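Keep in mind it's a predicted model, so treat the numbers as computed, not measured. Side chains included, hydrogens not; waters and symmetry mates left out as well; all remaining heavy atoms used. Chain identifiers are assigned alphabetically (A, B, ...) following the order of the sequence lines, protein sequences preceding nucleic acid strands; residue numbering begins at 1 within each chain.
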Protein chains: 2
Amino acid sequence: MSETFHIVPESTHNALVEAAYQHRGYTVDEAAAASRFSAHASRHGIRTHNALKALHLDHLFGSAAGGCKPGVQIEKKESRFAASQVWNANRKLGQATAYEAMDECIALADKYGIGQISVDNAFHYLWGGGYVMEAASRGYIAYTNCTAALAEVVPFMGKFPTLGTNPHSWGFPTTDAVGFPIVVDWATSVIAMGRVQQFLREGQPLPAGAAVDKDGNPTTDAKAVSALTTFGAHKGYGLSLINELVGAYIGGSLPTLRSRWDQHPEEKHTPAFYFQVIHPDAISGGDFALGRDQSKNVKAVIDDILGHGNENCLLPGQLEAKAAARSEAAGGLLFSPAEIEAFNEVAVECGSTPWNLSDFPVAN
Amino acid sequence: MSETFHIVPESTHNALVEAAYQHRGYTVDEAAAASRFSAHASRHGIRTHNALKALHLDHLFGSAAGGCKPGVQIEKKESRFAASQVWNANRKLGQATAYEAMDECIALADKYGIGQISVDNAFHYLWGGGYVMEAASRGYIAYTNCTAALAEVVPFMGKFPTLGTNPHSWGFPTTDAVGFPIVVDWATSVIAMGRVQQFLREGQPLPAGAAVDKDGNPTTDAKAVSALTTFGAHKGYGLSLINELVGAYIGGSLPTLRSRWDQHPEEKHTPAFYFQVIHPDAISGGDFALGRDQSKNVKAVIDDILGHGNENCLLPGQLEAKAAARSEAAGGLLFSPAEIEAFNEVAVECGSTPWNLSDFPVAN
């Protein structure tokens, strides 16, 4: 990385983030969930979902727009199904909701081998990979999907954006096997709308096949982009559709109206979350070759996949693990001068003392 | 379709397929599962997994090769997890195993809202979409994945094939909403190895990005193809890796040794299956806009996705539903003259009376 990064102690980061959330009316617990999540994202190099982005999204769609309601209680509905729960989040902060759902899903998996929690009336949880990574670090196979805030993606062969960028996130407890949890985590669009804006600013063409113009024709001209496309043609379309279907079964409403609170008040405008956790013992046949245990068997399989000349391939989650090691070695979270400047705007907003760039040493 | 298809009564098809499986040593029940599955595939236009392909695969990897054992019993292991089961299939016929697993998964979902069954020492179940489609027709959300028979796919940025074409299949109970179950079902490679052979025969170039040569460089020359690539670059790689990881947690062994019974007898050589079923009531928040019920809400969401100029988009599973309607209208299964000729080779193999092409009317 050629960019300069400064080392901000996690406690310094968390104090400011918590102050900012509390200033916007969130409770102490909600603010703590937000700072915990942002620190986790920044520690793993996830700059697209750091505290600055979280606060920006909260401003655009959340506490300022009515999409998120500080201080509300989650309503946990009665269910006749022992390994399943359905929650009405009442638009509670996404990070707080997701942490709680993952904890309860783990408790269900401990008992039933698998557990699921569906969340209606949710607010954007930011980076699904963060939640499954934590669950995987605790020894579980975890999965989550959600419907994204806005419909920005056309169905395969379509013209008009009616799907969210709808991400899927899977985490596997592979720390013993490879040193970190494998986390498969991505949006179902080729690129995010933020990247289109970046190409537009830089006057650069988009990668081929990433977007369409208003007639549904492929375009690489950032100025002509009307909507994004799904990755892998019909395959990514199917994956994006899954989130919309799961959201619809839970209680989500029309994707083109999501987050658009000014349109059709008779419809719902909230995303939905789906969480699932599997206890690895619950899928183990116990019959591993050469007397391996389950974790050693997983390691043997990964070694085989990354052997035979494939030694330079990366595992999903490896870059995030590398970033976490870098943060750990630095003893803090790494932010660019521009990011630190943006944090100081946050400090001004909530009446905190701004940071001095010179207080934060430059990372190697 | 410009190809000519003849209408073969399902009972005629099933009698021959059952005779062929019994001739190879399979029990009456196993042969019935095989014919039921093949009829289902052919009815839905899935020519890549019809009875001819099933019998060919059984010859290559199954009863003739030791990968499949006619007449064995599935061992259902004790589990401390109520919503989970792990089975040792003892290499039982994949179709029979998968049907039984899906039935039991549905019973678990009825009780716990979600249920999972993992299967070790399995034999190829052919077309995962068929099982989730049936479960979806019965009103459930269903998912399955498996490790494919051979490692033919390179990891992203890799050189050597160490991953299977590893498919994922999801089914949704959308018959009330759209007239058929939505089935998202595909391999994680861009194309199958069979397509490469077809391009080779026809002297045609491959689509770009579908394969690599022996040095891991992209190639469209069918003669130079050494391995397949995953769709969607690192995203499809992650999806393919999921099957290998799930297989490894269950009890699968090194992917490069799968189906290669002559190599490393100390390792296992079998694929693994994973099944999961969700009861739609178990994820329903019950709070649908405009007083809709769950199914009408799903329909409203799908109508929104396929509206706004997207009316020509297809839903996953729609082509299969169309093929099924065509079979239904014809009153039988549709096979080409070449396929009927191949069925007659099967008849000769098992001592059945060959078919007369002229007995089967041509479909419109």
Side-chain angles (χ1 to χ4, degrees), chain A residues 77 79 81-84 86 88 112-114 116 118 120 155-160 162-163 170 172 182 184 186 231-232 235-236 238 241-242 244-245 248-251 253-256 266-268 279-280 282-285 287-290 294 297-298 300-301 304-305 308-310 312-313 316, chain B residues 77 79 81-84 86 88 112-114 116 118 120 155-160 162-163 170 172 182 184 186 231-232 235-236 238 241-242 244-245 248-251 253-256 266-268 279-280 282-285 287-290 294 297-298 300-301 304-305 308-310 312-313 316:
Chain A
K77 305 207 162 211
S79 174
F81 300 103
S84 308
V86 185
N88 172 3
Y112 301 103
I114 187 166
Q116 64 181 352
S118 306
D120 194 15
F156 180 58
M157 309 292 284
K159 291 180 184 183
F160 189 86
T162 56
L163 298 165
W170 292 264
F172 292 89
I182 290 179
V184 177
W186 25 250
F231 84 95
K235 297 187 181 182
L241 194 61
I242 285 171
E244 299 294 348
L245 291 172
Y249 282 105
I250 293 172
S253 192
L254 312 192
T256 59
E266 75 282 9
E267 294 281 0
K268 289 166 76 175
H279 196 304
I283 62 168
S284 171
D287 171 28
F288 304 103
L290 292 166
Q294 191 184 40
N297 193 58
V298 168
V301 166
D304 189 44
I305 293 168
H308 312 278
N310 298 332
N312 290 330
C313 294
Chain B
K77 305 206 161 211
S79 174
F81 300 103
S84 307
V86 185
N88 172 3
Y112 301 103
I114 187 167
Q116 64 180 353
S118 306
D120 194 14
F156 180 58
M157 308 292 283
K159 291 180 184 182
F160 189 86
T162 56
L163 298 166
W170 291 265
F172 292 89
I182 289 179
V184 178
W186 24 252
F231 83 94
K235 297 187 181 182
L241 194 61
I242 285 171
E244 299 294 347
L245 290 172
Y249 282 104
I250 293 172
S253 194
L254 312 192
T256 58
E266 74 283 9
E267 294 280 0
K268 290 166 75 175
H279 195 303
I283 63 168
S284 171
D287 171 27
F288 303 103
L290 292 166
Q294 191 183 40
N297 193 59
V298 168
V301 166
D304 190 43
I305 293 168
H308 312 279
N310 298 333
N312 291 330
C313 295

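If you measure heavy-atom distances from S79(A) to chain B, you find no contacts under 4.5 Å at all. Interface residue F156(A): only backbone heavy atoms are found under 4.5 Å from chain B. Contacts of I305(B) with chain A are made by both backbone and side-chain atoms, with heavy-atom separations under 4.5 Å. Heavy atoms of L290(A) lying under 4.5 Å from chain B belong to its backbone as well as its side chain. With a 4.5 angstrom heavy-atom cutoff, I114(B) touches chain A via backbone and side-chain atoms both. Looking at N312(A), there are no atoms closer than 4.5 Å to chain B (heavy atoms on both sides), in backbone or side chain. The parts of I250(A) that come within reach of chain B are both its backbone and its side chain, each placing non-hydrogen atoms under 4.5 angstrom from that chain.
Note: Y249(B) leads F160(B), Y249(B), F231(B), W170(B) in heavy-atom pairs under 4.5 Å with chain A. Chain A forms the most heavy-atom pairs under 4.5 Å with one residue out of Q294(B), E266(B), E244(B), and that residue is Q294(B). Chain B forms more heavy-atom pairs under 4.5 Å with one residue of D287(A), I283(A), N88(A), N297(A) than with any other, namely I283(A). Ranked by heavy-atom pairs under 4.5 Å with chain B, the first of P280(A), G158(A), G309(A), S284(A) is S284(A). Most heavy-atom pairs under 4.5 Å with chain B: of the set T256(A), V184(A), I182(A), this distinction falls to T256(A). In terms of heavy-atom pairs under 4.5 Å with chain A, the best-connected choice from K159(B), H308(B), M157(B) is H308(B). The candidate from G251(A), G232(A), G236(A), A300(A) with the greatest count of non-hydrogen atom pairs under 4.5 Å with chain B is G251(A). Looking only at heavy-atom pairs under 4.5 Å with chain B, the residue among A282(A), A82(A), P316(A) that has the most is A282(A).
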| said: For a salt bridge (Lys or Arg N to Asp or Glu O under 4.0 Å) check, start with the C-alpha distance between D120(A) and K77(A), then their side-chain angles and the critical distance, and finish with the verdict. | reply: CA-CA 11 Å; D120(A) 194 15; K77(A) 305 207 162 211; over 6 Å; no
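Ring pair Y112(A)/F81(B): centre-to-centre distance not below 6.0 Å.
Side-chain contact check for L163(A) versus P155(A): some heavy-atom pair is nearer than 4.5 Å. In this structure, V298(B) and L245(A) have side chains that are in contact, with non-hydrogen atoms separated by less than 4.5 Å.
Judged by distance alone, the side chains of T162(B) and D304(A) never bring a donor and an acceptor atom under 3.5 Å apart.
A donor-acceptor distance shorter than 3.5 angstrom exists from the side chain of Q116(B) to the backbone of G113(A), with no hydrogens or angles considered.
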